[in-house]
Amino acid sequence: MEYNFLEIEKRWQKFWADHKTFKAEDNSVKPKYYVLDMFPYPSGAGLHVGHPLGYIASDIVARYKRHKGFNVLHPMGYDSFGLPAEQYAIQTGQHPSVTTTQNIARYREQLDKIGFSFDWDREVKTSDPQYYKWTQWIFIQIFNSWYDKSADKAQPISSLIAEFEKNGNGSVNAVCDDDIKTFSSEDWKQFSEKEKSDVLMRYRLAYLGEAYVNWCPALGTVLANDEVKDGVSERGGHPVERKLMKQWSMRITAYAQRLLDGLEKIDWTESLKESQRYWIGRSEGTSLRFKIQGHPDIEVFTTRPDTIFGVSFVTIAPEHDLVNAITTPAQKQAVEEYVIKTKNRSERERQADVNTVSGVFTGAYVIHPFSAQQIPVWIGDYVLAGYGTGAVMAVPGHDERDYKFAKHFNLPIPEVVAGGDLSKEAYAAKEGILINSDFLNGLSVKEAIKKAIEKIEEKKIGHGKVNFRLRDAVFGRQRYWGEPIPIYYVNDIPHALNENELPLVLPEVDKYLPTEDGEPPLARAAENWKKDGKYNYEASTMPGWAGSSWYFLRYMDPHNGSEFADRKLMDYWQNIDLYIGGSEHATGHLLYVRFWTKFLNDMGFIGVDEPAKKLINQGMIQGRSNFVYSLVGSSLFISYDIIKKYTDAPHSREELKKLIQARFPDIEPAALDSLRIQKLHVDVNIVENDVLQKENFKKWRDDLGNATFMDEEDKYICGVEIEKMSKSKYNVVSPDDISERFGADTLRLYEMFLGPLEQSKPWNTNGITGVSGFLKKLWRLFASTPLSVTPSTPLSVTPSTPLSVTPSTPLSNTASLNVTEAEPTKAELKTLHKTIKKITEDIERFSFNTSVSNFMICVNELTDAKCNKRAILEPLLICLSPYAPHITEELWHLLGHKESIVFEKFPEVNESYLVDDAFTYPISFNGKMRFNIELPATLTVPEIEKEVMGREEVQKYLEGKTPKKIIIVPKKIVNIVV
RNA sequence: GCUCCCGUGGUGGAACAGGUAGACACGCAGGACUUAAAAUCCUGUAGCUUCACGGCUGUACCGGUUCGAUUCCGGUCGGGAGUACCA
């Protein structure tokens, strides 16, 4: 009987699908467990071996938890809106939905071959109108809300309107735009409809507002901060510039503090929490107003109010509102030139040379609030318009950037905190004693900060303030392939659609490009794409992160047509117990999904305020590229080991020439003469253990048919480098190929065996024979005949057995196996229970690589013991089934079971089998090992001490001296300190 | 620059709470079976030293705490990830 994995895996995958084995129950008395993978964007390239890594881990946990008696929710879906499908559409004219559907089908086919236990009935696709109907609905809820600081939660906008009508906005404590004028209830009632709408817009959590955004001209759209890396777009790498635009945004800043606090109670990795903390960027400081003759005050934010007497100038951003107003006629030209210059610099240039100091004097002066001195106002692009107030009080003595600026423009650098050497550099440390600072003199920095805030508040020129680095999230995208924003305009006033008008379905367009006058592609929609036939819809669409910000909830009730999900179901499933995905989503998706969860919780739609209790970032699997070395001008390929030997020094190159000439006399003289060697990527699929398969290589490309090889012992060795897995590098390994050659179970085990889940590592197929051999060994434990007298009769197990065989009538029967009903020995029970214990611990702490090792140890021991007893093998199968579901299911049925192994209870550890009769203690003196003593394992610590001290060898070593201390670590060691 | 993570054999990696470092696997070497190959099985495999028993050195480097450190603390070097004029 052979282990025919291809036939077995296909058959069981079909069985599970037909029987809906992995259906999650909505009404269950069992405890729930929700394991979720970050759903993929279905790209055209299909899956490579790196993609399923996290899915395999989550699948193991899901299957394990089922064995442990949990009702498991383990769904999968697709984040199917996105840029690549749209760009493909622009090039080919093919509708993105067509490409997306094809890609999804391909993904599904590949996923199915790995034997995942997903409940496919719950599949969601963000581009499905029945899904994005509810994305739009949630958008409307956010649009119809404002953030009440007093209650510290979102509230319906109707409550704000009621307050305006009653009392105006005087006592409203909201997170909103910061330059809203105060109005009374009478004022409010006088406002026109448009004015009312504008005012409300400044309070809404989803709002249309003017803001500096990341504009990407090449993509023709705005991008969120997390979609921009190093000044270029994350997708495509196009330059990005700052642009003032009217855009839909989300007031995520309202949730900054709660997003920060929430991190404390969730089990995510420290590094991930750290990057979210950094992204949110809370800083405590003081807001402070400087008076300026004839103009509104200039407000600054500082974390160092203690250095107030060290201020020698004030710097404002080039985009600051007051730039034009305060500039004196004499400076007007210089300022204008500077402002235009900085505006034209792309964000990337601006970031690239952060060390170049630039700025210009406005000619204006502010008055120092305490010393009453005149302080010059400068413009500098090191001050960012978007952070704080866009203005800083410059303290060159104690801030590096101010220091550089002052040095460059020869401005005074007063010292107000003792401890540094200001002739060399700024002293920015927050320690030291204040000097030259009037009422702050002699205080420590900490005390001075407190005192300065007191004085500032006393003078009513400012107050203590917390600032966040986090900016509101731009929500509109000038793209086609996204959710339409459910807004229409009547006389330029935006209105949200009603629930019964959803979904607002994405209209057909003739082209997927912006219109000639720069409107987003949706503006190309036919004339009749209008609300009630006359009102224009919003033409921008939602960003990629909209659909993924709540999908974990939709899985709980994916087909609900009347709500985004039923509250009862959401209360049962709560939130994700284990979430697995890449760390690249740390400051994007993972922040937005927390934001929406908190919002939905505020509004009472859901009962949880964090989406995931535990999160694991799986590492990236890199590609392992192979190279061949061609002699330019010839068809000769030289093996890497020869290249390595002969290319370092010039004289060895001469030797190489001679060598080539000796072995290949017919070589083209010109090629030999120049001896240029070109390194070329070679498809890793025609390389085995870094040895080139020459025949396949010749067939790989047409021009290689007459390739000749120079190598040693007929082995052409390829060069190796670790790179990102990509088609162009010919280093993509497809999971399909691995499954075909070794089986899906082997693929699953090997991906886990490769190393810790969270670590990035290169894919290397070389080691796979280890796990493949392990499964064969396991099979032989059941099917071989090491003990039996008569070999098992070979049943009709031809590999071509048709799939129609229903697994409830097993392919063959127990007779074909060689498993006995004999009583297991103590040693066999120990092997089994040791394994159960280790595996349980391994899974509970997500250490999948060690658990694979532990299975191998177990099977090795059982093979050595020639153990083929049912009482040992059956529990082992259950333990292994989360990892290698197909082979275990097959053997389980061959053992005569009718039910799927999926529903079996996970075996419990019986500790009594693990207790040894005797235990060997290493005895050390002062930490140095000397010898071992065997003692009964049941002894208590004092008994061990007594026994050890009674031994002749110990006494001999002590030579009559009394030990100072005896340290006994039960089951480990006895250390005697002399 | 800042923040976080990590440095263990030829390789991937184990060592979970400070207690016999190198489990397990790959690779390599030798052997068995075979006409041969594949497959399978057995033995060895950190370094130095010893005929051998054994001994010594070893977890990037330097130092500390401890009877005992891969593990804890301080410093240095090297690698990776995130982030970047955030006042």
Side-chain angles (χ1 to χ4, degrees), chain A residues 229-231 269-279 281-283 285-286 300-304 307 315 350-351 353-357 380-384 386-395 398-402 404-405 428 467-471 583-584 586-587 617 619-620 689-690 749-750 753-756 758-762 764-771 773-774 776-777 780 784 838 841-842 844-845 847 849-858 860 863 920-929 932 963-978:
Chain A
K229 296 258 145 80
D230 302 323
T269 60
E270 203 44 46
S271 68
L272 196 138
K273 288 194 201 176
E274 200 53 43
S275 51
Q276 288 215 347
R277 282 188 200 112
Y278 195 82
W279 193 261
R282 184 194 150 100
S283 78
T286 312
V300 302
F301 175 76
T302 178
T303 55
R304 295 293 300 275
T307 61
T315 317
R350 211 162 145 170
Q351 281 182 11
D353 55 13
V354 291
N355 290 321
T356 319
V357 177
D381 70 354
Y382 78 96
V383 176
L384 303 176
Y387 182 75
T389 58
V392 300
M393 59 175 229
V395 185
H398 307 283
D399 180 281
E400 269 175 54
R401 294 149 304 175
D402 296 342
K404 272 190 205 157
F405 197 85
N467 239 341
F468 293 95
R469 215 169 69 102
L470 186 72
R471 316 279 173 83
S583 58
E584 66 273 21
T587 50
N617 292 127
M620 274 244 282
N689 285 357
D690 297 334
L749 282 166
Y750 187 56
F753 184 69
L754 220 45
E758 294 172 79
Q759 195 172 298
S760 285
K761 56 234 158 187
N764 183 352
T765 315
N766 292 353
I768 202 166
T769 52
V771 284
F774 156 72
K776 287 183 193 164
K777 224 165 168 177
R780 251 180 282 122
S784 78
K838 280 184 178 163
E841 286 167 0
D842 287 338
E844 298 281 354
R845 66 191 166 96
S847 179
N849 54 331
T850 53
S851 50
V852 178
S853 293
N854 284 322
F855 281 122
M856 290 183 181
I857 295 168
C858 179
N860 283 345
T863 304
T920 307
Y921 283 92
I923 307 294
S924 76
F925 293 89
N926 293 338
K928 295 249 177 200
M929 287 314 153
N932 297 325
K964 278 189 201 140
K965 216 197 294 180
I966 302 170
I967 296 151
I968 296 166
V969 184
K971 293 272 170 148
K972 295 270 181 186
I973 198 167
V974 176
N975 187 36
I976 299 165
V977 184
V978 188

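Since we're looking at a predicted model, the values are computed, not measured. A, B, ... follow the sequence lines: proteins, then strands. Residue 1 opens every chain.
Rounded to whole Å, the distance from CD on Q276(A) to C1' on rU83(B) is 14 Å. Following rounding to the nearest Å, W279(A) (CH2) and rC2(B) (C1') show an atom-to-atom distance of 16 Å. Between N764(A) atom CG and rG13(B) atom C1' there is a gap of 13 Å when expressed in whole angstrom units. Here the P atom of nucleotide rG1(B) and the CG atom of D399(A) are 18 Å apart, to the nearest Å. Note: CG (N854(A)) to P (rC16(B)) measures 13 Å, nearest angstrom. Distance R469(A) CZ to rC86(B) P: 9 Å, rounded to the nearest Å. Spacing between atom CZ of R277(A) and atom P of rU83(B) amounts to 16 Å, rounded to whole angstrom units. Atom P of nucleotide rA15(B) and atom CZ of R845(A) are separated by 6 Å, given to the nearest angstrom.
Across the strands present, rG68(B) finds no partner; the criterion is a Watson-Crick or G-U wobble pair with both atom distances under 3.5 angstrom. As the counterpart of rA46(B), rU57(B) is assigned, both hydrogen-bonding distances of the Watson-Crick or G-U wobble pattern falling under 3.5 Å. The base-pairing partner of rU40(B), taking Watson-Crick or G-U wobble contacts with both distances under 3.5 Å, is rA32(B). Within the shown strands, nothing qualifies as a pairing partner of rA14(B) under the Watson-Crick or G-U definition with both distances less than 3.5 Å. In a base pair of the Watson-Crick type (N1 to N3 plus N6-O4 or O6-N4) or a G-U wobble (N1-O2 and O6-N3), with each distance short of 3.5 Å, rG74(B) is matched with rC62(B). As the counterpart of rG1(B), rU83(B) is assigned, both hydrogen-bonding distances of the Watson-Crick or G-U wobble pattern falling under 3.5 Å.
Using bins of under 30°, 30° to 60° and over 60° for the plane-to-plane angle, the ring pair Y382(A)/F405(A) lands in the tilted bin.
No hydrogens or angles considered: nothing links the side chains of S847(A) and D842(A) as a donor-acceptor pair under 3.5 Å. Y750(A) and T769(A) are not linked by any side-chain donor-acceptor pair at a separation below 3.5 angstrom, with hydrogens and angles left out of the test.
For Q759(A), taking side-chain heavy atoms from C-beta onward, the closest of the listed nucleotides rG13(B), rC2(B), rU20(B) is rG13(B). In the set rC26(B), rG19(B), rC2(B), the nucleotide with an atom closest to the side chain of N766(A) is rC26(B). Picking from rC24(B), rU3(B), rU83(B) the nucleotide with the shortest atom distance to the side chain of N860(A) gives rC24(B). The side chain of V392(A) sits closest to rA87(B) out of rG13(B), rA39(B), rA87(B). Nearest to the side chain of M856(A), among rG13(B), rC24(B), rA87(B), sits rC24(B). Nearest nucleotide to the side chain of K972(A), out of rC86(B), rG19(B), rC24(B): rG19(B). Of the candidates rU83(B), rA87(B), rG27(B), the closest approach to any side-chain atom of T769(A) belongs to rG27(B). Side-chain proximity of Y382(A) to rA39(B), rC85(B), rU83(B): nearest is rC85(B). If you check rA14(B), rU40(B), rU83(B) against the side chain of T850(A), the one that comes closest is rA14(B).
Nucleic acid contact for S271(A): sugar-phosphate only, since backbone atoms but no base atoms lie under 4.0 Å from a heavy atom of the residue. Among the protein residues, K273(A) comes within range of no part of the nucleic acid, since none of its heavy atoms lies under 4.0 Å from any strand. Within the nucleic acid shown, I973(A) comes within 4.0 Å of at least one base atom, counting heavy atoms only. Within the 4.0 angstrom heavy-atom criterion, no nucleotide atom of any strand lies near E400(A). Residue contacts shown for P756(A) are limited to sugar-phosphate atoms, with no base heavy atom under 4.0 Å away. Residue-level contact check: N849(A) touches the backbone only, with heavy atoms under 4.0 Å from sugar-phosphate atoms and none from bases. Among the protein residues, D842(A) comes within range of no part of the nucleic acid, since none of its heavy atoms lies under 4.0 Å from any strand. At the heavy-atom level, E270(A) lies nowhere under 4.0 Å from the strands shown. Across all strands, L754(A) comes closer than 4.0 Å only to sugar-phosphate atoms, never to a base (heavy-atom distances). If you check every strand for non-hydrogen atoms under 4.0 Å, S760(A) touches nothing.
OP1 or OP2 of rA87(B) has at least one side-chain nitrogen or oxygen of Y387(A) nearer than 4.0 Å. Distances shown here put a side-chain N or O of S283(A) below 4.0 Å from the OP1 or OP2 atom of rA87(B).
Going from the C1' atom of rA25(B) to that of rC4(B) covers 31 Å, rounded to whole Å. Rounded to a whole angstrom, the distance from the C1' atom of rG64(B) to that of rU71(B) is 15 Å. Distance noted for atom P between rU20(B) and rG68(B): 15 Å (whole Å). Nucleotides rC28(B) and rU34(B) are separated by 24 Å at their P atoms, to the nearest Å. Comparing the C1' positions of rA81(B) and rC48(B) gives an interatomic distance of 39 Å, to the nearest angstrom. Across rA21(B) and rU59(B), the matching P atoms stand 12 Å from one another, rounded to whole Å. Here the separation of rA39(B) from rG58(B), taken at their P atoms, is 41 Å to the nearest Å. Spacing between rG1(B) and rG10(B) at atom C1', rounded to whole Å, works out to 38 Å.
Using modelled atom types, no side-chain atom of N849(A) and backbone atom of L754(A) make a donor-acceptor pair closer than 3.5 Å. At least one donor-acceptor pair under 3.5 Å links the side chain of N854(A) to the backbone N or O of T850(A). In terms of modelled atom types and a separation under 3.5 Å, the side chain of K404(A) and the main chain of D399(A) share no donor-acceptor contact.
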Give the C-alpha distance, both sets of side-chain angles, the deciding distance and a yes or no for salt bridge (charged side-chain N to carboxylate O under 4.0 Å, His left out) between E274(A) and R277(A).
-> CA-CA 5 Å; E274(A) 200 53 43; R277(A) 282 188 200 112; 3.0 Å; yes
I would like to know whether Y921(A) and I973(A) meet side chain to side chain contact (heavy atoms under 4.5 Å, CB included); could you show each step before the answer?
-> CA-CA 5 Å; Y921(A) 283 92; I973(A) 198 167; 5.8 Å; no
Between S283(A) and F301(A), is a side chain to side chain contact (heavy atoms under 4.5 Å, CB included) present by the stated rule, with each step listed?
-> CA-CA 10 Å; S283(A) 78; F301(A) 175 76; 3.7 Å; yes
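Mapping G386(A) and E841(A) onto RNA chain B by nearest heavy atom places E841(A) closer to the 5' end of the strand. Of the residues near RNA chain B, S847(A) and F925(A), the one whose nearest nucleotide (by heavy atom distance) lies more toward the 5' end is S847(A).
Taking 90° from 0 as the syn/anti boundary, the base of rG12(B) is oriented anti.
At a threshold of 4.5 Å between non-hydrogen side-chain atoms, the residues I976(A) and F925(A) count as touching.
Interface remark: the R471(A) side chain does form a donor-acceptor pair with the rC86(B) base, using a distance-only criterion of under 3.5 Å.
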